[in-house]
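Just so you know, these numbers come straight off a predicted model, no measurement behind them. Values below: every heavy atom of this structure, side chains too, minus hydrogens, waters and symmetry copies. Numbering of residues begins at 1 and proceeds along the displayed sequence.
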Amino acid sequence: MKKIVAIVVPVVICFLTGFIASRLQTDAVNEWYPVLNKPVLTPPDSIFPIAWSI
């Protein structure tokens, strides 16, 4: 049981931290990211997750 807790607790903390960070950044990404001068090779928003995974 201690092994499971030792694995699950850090994973839950990481996911919770990522979730909270994404909630805090939503407005910022919607406001300033579209107005950045991006390089020509930057993929469109709909393709970005696929390109990032590759």
Side-chain angles (χ1 to χ4, degrees):
M1 184 69 176
K2 287 184 181 182
K3 274 187 172 182
I4 293 173
V5 172
I7 293 171
V8 171
V9 169
V11 170
V12 169
I13 290 171
C14 288
F15 277 118
L16 187 60
T17 302
F19 177 75
I20 291 170
S22 71
R23 293 290 133 205
L24 293 174
Q25 290 297 323
T26 302
D27 292 337
V29 171
N30 290 334
E31 291 174 9
W32 64 265
Y33 184 74
V35 297
L36 288 177
N37 290 328
K38 297 177 210 66
V40 177
L41 297 176
T42 302
D45 292 341
S46 59
I47 307 280
F48 190 79
I50 298 167
W52 186 259
S53 297
I54 292 172

J.: Report whether I13 and V5 are members of the same hydrophobic cluster (ILVMFWY, side-chain heavy atoms less than 4.5 Å apart, transitive linking).
T.: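 They do share one cluster, since a chain of ILVMFWY contacts under 4.5 Å joins I13 to V5.
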J.: Taking transitive links into account, so neighbours of neighbours count too, which hydrophobic residues share a cluster with V12 at under 4.5 Å side-chain distance?
T.: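 The other cluster members (ILVMFWY side chains, heavy atoms under 4.5 Å, direct or chained) are I4, V8.
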J.: Of the non-hydrogen atoms in S46 and P49, which two are nearest, and what is the gap between them?
T.: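 For S46 versus P49, the nearest heavy atoms are O-CD, 3.8 Å.
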J.: Is V35 isolated, or which residues cluster with it under the ILVMFWY side-chain rule of less than 4.5 Å, directly or via members?
T.: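 Via sub-4.5 Å side-chain contacts, V35 links to none.
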J.: Once you round to the nearest 0.5 Å, how far does CZ of F15 lie from CD1 of I20?
T.: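 Rounded to the nearest 0.5 Å, the CZ-CD1 separation comes out at 14.0 Å.
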J.: How far apart are the closest heavy atoms of I7 and V11, and which atoms are they?
T.: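 Between these two residues, the closest heavy atoms are O-CG2, 3.3 Å.
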J.: Tell me, yes or no, whether the heavy-atom count around K38 atom NZ, taken from other residues, nucleotides or ligands under 6.0 Å, exceeds 12.
T.: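 Yes, NZ of K38 has more than 12 neighbouring heavy atoms, counting only those of other groups under 6.0 Å.
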